[in-house]
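One structure is given below, encoded as structure tokens.
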Amino acid sequence: MSSTSALPHYGILVPVKPPAVAKSRLLDLGDESRQHLVVAFAADTVTAALQSPLVDVVLAVTDDFRLAHGLADLGAAVIPDGTTDDLNASLEQAAAELHRRWPELRIAAVCADLPALRTDELTRVLTAAAESRCSFVADNAGVGTTVLAAASPEDFMPRFGAGSRAEHRAHGATEILLDGIGSVRRDVDTPADLAEALALGVGSRTAMVTTGLRL
């Protein structure tokens, strides 16, 4: 019996905006590069999540059909975004759908812009999250949120957006405070963020897209 077999397992929600409109703060790198980066970030995030022994399914949420096909090829299940202009409502709908299909799994939302995500670090986070009904990881800036985990749809109360760290704490979620999970915290919104992610070591798709980029 493996050391993770007795731990709760998860379905991971990964919401991804269409590349045509996502990550506007990366426009300085060129529009084509920006769109390729959105796809690469999502692919590397999904790949790292799927490799965790605590993750039974990744459910990607996107309205972009090309991206949907690409993530499905990686092994993710994919559903359309029910409320494109409201991330939290979209996540709540996706959590309900995940629970309908896989009712035995806990739920975790993972941001799609974690190109340096390491499977072992995510697994440590999910292990810690099993101790609470709802918990989260703050982003590298200490203001936002990169992971929100819950025992059930009723416990899953996403408050992503400006100041989401404070919002999640205010709504009763437990902050996961672990050392050595820098890849889980390093979301990418700007070229400077991307440079930091590259220093951590990114997944293969982001590495390919960033070859030759000047940051």
Side-chain angles (χ1 to χ4, degrees), residues 10 12-17 19 22-29 33-34 36-52 54-55 58 60-61 87-88 91 108-129 131-132 134-150 156-171 173-207 209-210 213-215:
Y10 289 80
I12 303 293
L13 305 175
V14 180
V16 193
K17 284 185 179 180
K23 296 298 173 190
S24 60
R25 285 187 281 174
L26 293 176
L27 267 173
D28 287 348
L29 301 177
S33 293
R34 177 192 60 79
H36 288 322
L37 285 167
V38 171
V39 174
F41 293 170
D44 287 334
T45 300
V46 166
T47 297
L50 282 168
Q51 292 172 350
S52 171
L54 297 184
V55 174
V58 170
V61 185
L87 173 59
N88 293 315
L91 284 171
V110 175
C111 290
D113 58 352
L114 303 176
L117 185 63
R118 290 176 56 92
T119 298
D120 60 330
E121 293 183 12
L122 177 62
T123 300
R124 289 181 60 218
V125 166
L126 297 177
T127 299
E131 299 175 4
S132 304
C134 186
S135 56
F136 71 97
V137 174
D139 65 9
N140 196 61
V143 176
T145 303
T146 59
V147 176
L148 177 69
F156 184 70
M157 295 181 290
R159 296 292 186 273
F160 287 91
S164 64
R165 179 190 187 187
E167 284 293 309
H168 284 130
R169 291 178 68 175
H171 285 80
T174 300
E175 184 169 0
I176 295 172
L177 300 171
L178 294 173
D179 293 329
I181 57 168
S183 75
V184 184
R185 300 187 190 280
R186 183 62 282 167
D187 53 345
V188 174
D189 290 313
T190 68
D193 296 339
L194 180 55
E196 291 185 13
L198 289 169
L200 288 173
V202 295
S204 61
R205 291 160 186 82
T206 302
V209 172
T210 53
L213 279 184
R214 299 185 67 179
L215 300 176

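Positions are given from 1 along the sequence. Keep in mind that what you see is a predicted model, and the values were worked out from it rather than measured.
Qualifying side-chain contact (heavy atoms from CB on, under 4.5 Å) partners for Arg34, counting only residues two or more places apart in sequence or in other chains: Lys23, Leu26, Leu27, Asp31. Contacts of Phe136 classified as ring pair (Phe, Tyr, Trp, His ring centres under 6.0 Å), with partners at least two apart in sequence or in another chain: His168. Remark: Asn88 pairs with Asp86, Pro158, Phe160 by the side-chain contact (heavy atoms from CB on, under 4.5 Å) rule, at least two apart or across chains. With sequence neighbours excluded, the residues satisfying side-chain contact (heavy atoms from CB on, under 4.5 Å) with Ala149 are Tyr10, Ala108, Ala129, Ser135. Not a single salt bridge (charged side-chain N to carboxylate O under 4.0 Å, His left out) links Arg159 to another residue, sequence neighbours left out.
A side-chain donor-acceptor contact under 3.5 Å links Glu121 to the backbone of Ser183. Without hydrogens or angle criteria, Thr206 side chain to Pro115 main chain gives no donor-acceptor distance under 3.5 Å. Judged purely by atom type and a 3.5 angstrom limit, Thr45 uses its side chain to pair as donor or acceptor with the backbone of Leu114. Distance alone, capped at 3.5 Å, is enough to place a donor-acceptor pair between the Asp139 side chain and the Val143 backbone.
Annotation: the span from Glu175 atom CD to Arg169 atom CZ amounts to 5.5 Å, rounded to 0.5 Å. For the atom pair CG of Leu122 and CD1 of Ile12, the computed distance is 5.5 Å after rounding to the nearest 0.5 Å. Here the straight-line distance linking atom CZ of Arg25 with atom CG of Leu194 works out to 13.0 Å at 0.5 Å rounding. Atom CZ of Arg124 is separated from atom CG of Leu54 by 12.5 Å, given to the nearest 0.5 angstrom. Considering NZ of Lys17 and CG of Leu87, their distance stands at 8.0 Å, rounded to 0.5 Å. Expressed to the nearest 0.5 Å, how far CZ of Arg118 lies from CD1 of Ile181 amounts to 13.0 Å.
The two residues Leu91 and Ala109 make their nearest non-hydrogen contact at CD2-CB, 4.1 Å. Here the closest heavy-atom approach between residue Ala128 and residue Leu178 is recorded as CB-CD1, 4.1 Å. Across every non-hydrogen atom of Ser52 and Leu126, the tightest pair is OG-CD1, 4.3 Å. Nearest heavy-atom pair, Val184 versus Leu117, reported as atom, atom and distance to 0.1 Å: CG2-CD1, 3.8 Å. Residues Leu213 and Ser33 come closest through the heavy atom pair CD2-OG, 3.7 Å. Taking each heavy atom of Leu13 and Pro15 in turn, the nearest pair found is O-CD, 3.7 Å.
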- Item | Verdict with supporting geometry, Val110 and Thr146, side-chain contact (heavy atoms from CB on, under 4.5 Å) | CA-CA 6 Å; Val110 175; Thr146 59; over 6 Å; no
- Derivation and outcome, side-chain contact (heavy atoms from CB on, under 4.5 Å), residues Val147 and Ile176: CA-CA 10 Å; Val147 176; Ile176 295 172; over 6 Å; no
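Defined by atom type and a distance below 3.5 Å, a donor-acceptor pair is present between the side-chain atoms of Asp193 and Thr190.
Listed by first and then second residue, the salt bridge (charged side-chain N to carboxylate O under 4.0 Å, His left out) pairs that reach into residues 39-50 are Asp44-Arg205, sequence neighbours excluded.
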